[in-house]
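The structure displayed is predicted, hence computed values, not measured ones. Worth knowing before you read on, the calculation uses all heavy atoms, side chains too, and leaves out hydrogens, waters and symmetry mates. Numbering of ligands and ligand atoms starts at 1, following listing order.
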Amino acid sequence: MSAAALRGCFVTGTDTEVGKTRVSAALLHWLGGRGLRCAGYKPVAAGTEAIDGEQVNEDVRALRDASSVALTDAEVGPCQFAAACAPHIAAALEGRTIERATLLQGAGTLAVRAEYLVVEGVGGFCVPLGADFDSADLAVDLGLPVMLVVGLRLGCINHALLSAEAIRARGLRLAGWVANAVDTAMPHRDANLATLRHELDVRHQASCLGVVSRLANPGPAAVAAQLDDARLQLLFGLSPGRASTVAP
Ligand SMILES: Nc1ncnc2c1ncn2[C@@H]1O[C@H](COP(=O)(O)OP(=O)(O)OP(=O)(O)O)[C@@H](O)[C@H]1O
Ligand SMILES: [Mg+2]
């Protein structure tokens, strides 16, 4: 499989815990609702817990549940580690290493069964995965357009612009971004949003795909309902007339 064969997007974030999994699951829901075969992929996941009697990472399970094709935990998350810490450290704790080729191979296996992959990165954009590669290299290997989740809190403008510059420096396209309400008491939220819109548009030609509010239940359907259909169609290269087959 060549990376060029992949369709979908690579979801990164301004930081850890900013809503990448919630937004990725929403994108899968959106694609599945249009009758498309889609698969979530979490190539590297640190931190497992007992879910249905299995030790599994909760992001892996959330992406698996939101995928429209039936997948195993191992297919969605081929590299899961028990400790919830930086992935190269979690791997070292188990005497394991993260193999770059394995991560690309996992995407190839999913691409045989799914038309679209939604790949959730790990932490922010430049997280070390091994001695000589990081999560940005993984994004380059996959070659997918990058979608940035911006956690709305003080400092997010700087983090968003740094991330956008790093994405461009690796020769990748920042295809869009989603703002997610991390800090509900953020001062001057709308002014921050206006600056993000302006700077990311002018400097990086990246559009806002949605502003997600703090939800009591941030399930895939509820988050997807706050995303912009027309811009998602562009992100995924779908024709504007592609109808939804299920309610959002
Ligand atoms: N819009 C929202 N409304 C309510 N809760 C949210 C929202 N977005 C995220 N959360 C919650 O915040 C936490 C972090 O979100 P999420 O797991 O999606 O972040 P992440 O960027 O994927 O984190 P990680 O770096 O660990 O993968 C979760 O408990 C999630 O349910
Ligand atoms: Mg996550």
Where on Lys42 is there a heavy atom closer than 4.0 Å to ligand 1, on the side chain, on the backbone, on both, or on neither? side chain
Heavy-atom contact check, 4.0 Å cutoff: does Gly151 meet ligand 1? no
Considering heavy atoms of the protein only, find what lies nearest to atom 14 (C) of ligand 1 and give residue, atom and distance to 0.1 Å. Glu17 OE1, 3.6 Å
Within a distance under 4.0 Å of any heavy atom of Ser213, pick out the atoms of ligand 1 and give their elements. 1 (N), 2 (C), 3 (N)
Please find out if the Mg ion (ligand 2) and some N, O or S atom of Ser24 are separated by less than 2.8 Å. no
Rounded to the nearest 0.5 Å, what separates atom CD in Glu165 from atom CZ in Arg170? 13.5 Å
Will you find, in the side chains of Glu99 and Thr97, an N or O donor that is under 3.5 Å from an N or O acceptor? yes
Check: Pro218 N/O within less than 3.5 Å of ligand 1 N/O: no
Any N/O of Asp15 closer than 3.5 Å to an N/O of ligand 1? no
Output for pair (Leu152 CG, Arg214 CZ), nearest 0.5 Å, gives 10.5 Å
Can you report which non-hydrogen protein atom sits closest to atom 11 (C) of ligand 1, along with the distance? Arg214 NH2, 3.8 Å
For Thr14, does its backbone N or O pair with a side-chain atom of Ser163 as donor and acceptor, under 3.5 Å? no
Exceeds 12 heavy-atom contacts within 6.0 angstrom, atom CD1 of Ile51: yes
Which N, O or S atom of Asp59 lies nearest to the Mg ion (ligand 2), by name: OD2
Atoms in ligand 1 with a heavy atom of Val212 nearer than 4.0 Å: 1 (N)
among protein heavy atoms, the one nearest atom 8 (N) of ligand 1 is Asn180 ND2, 2.9 Å
For atom 24 (P) of ligand 1, which of the options Val18, Leu152, Thr16, Val211 provides the nearest non-hydrogen atom? Thr16
Geometry only, no angles: is Gly19 polar-contacting ligand 1 at N/O separations under 3.5 Å? yes
Nearest non-hydrogen contact with atom 30 (C) of ligand 1 belongs to which option: Glu120, Lys20, Arg22? Arg22
Any donor-acceptor pair under 3.5 Å linking the side chain of Lys20 with the backbone of Gly123? yes
Answer yes or no: is there a donor N or O on one side and an acceptor on the other, between the side chain of Asn192 and the main chain of His188, under 3.5 Å? yes
Check: Thr21/Asp59 side-chain N/O donor and acceptor closer than 3.5 Å: yes
Can any side-chain N or O of Arg113 pair as donor or acceptor with the backbone N or O of Ala70 at less than 3.5 Å? yes
Would you check if the side chain of Glu75 reaches a backbone N or O of Leu110 as a donor-acceptor pair within less than 3.5 Å? no
From Leu104, Leu103, Leu117, residue fulfilling side-chain contact (heavy atoms from CB on, under 4.5 Å) relative to Leu142: Leu104
What atom name does the N, O or S atom of Glu120 nearest to the Mg ion (ligand 2) carry? OE2
Which residue holds the protein heavy atom closest to atom 27 (O) of ligand 1, what is that atom called, and what is the gap in Å? Asp59 OD2, 2.9 Å
Give the residue and atom name of whichever protein heavy atom lies nearest to atom 4 (C) of ligand 1, and the separation in Å to one decimal. Leu215 O, 3.1 Å
Using heavy atoms and a threshold below 4.0 Å, how should the contact between Ala181 and ligand 1 be classified: side chain, backbone, both, or neither? neither
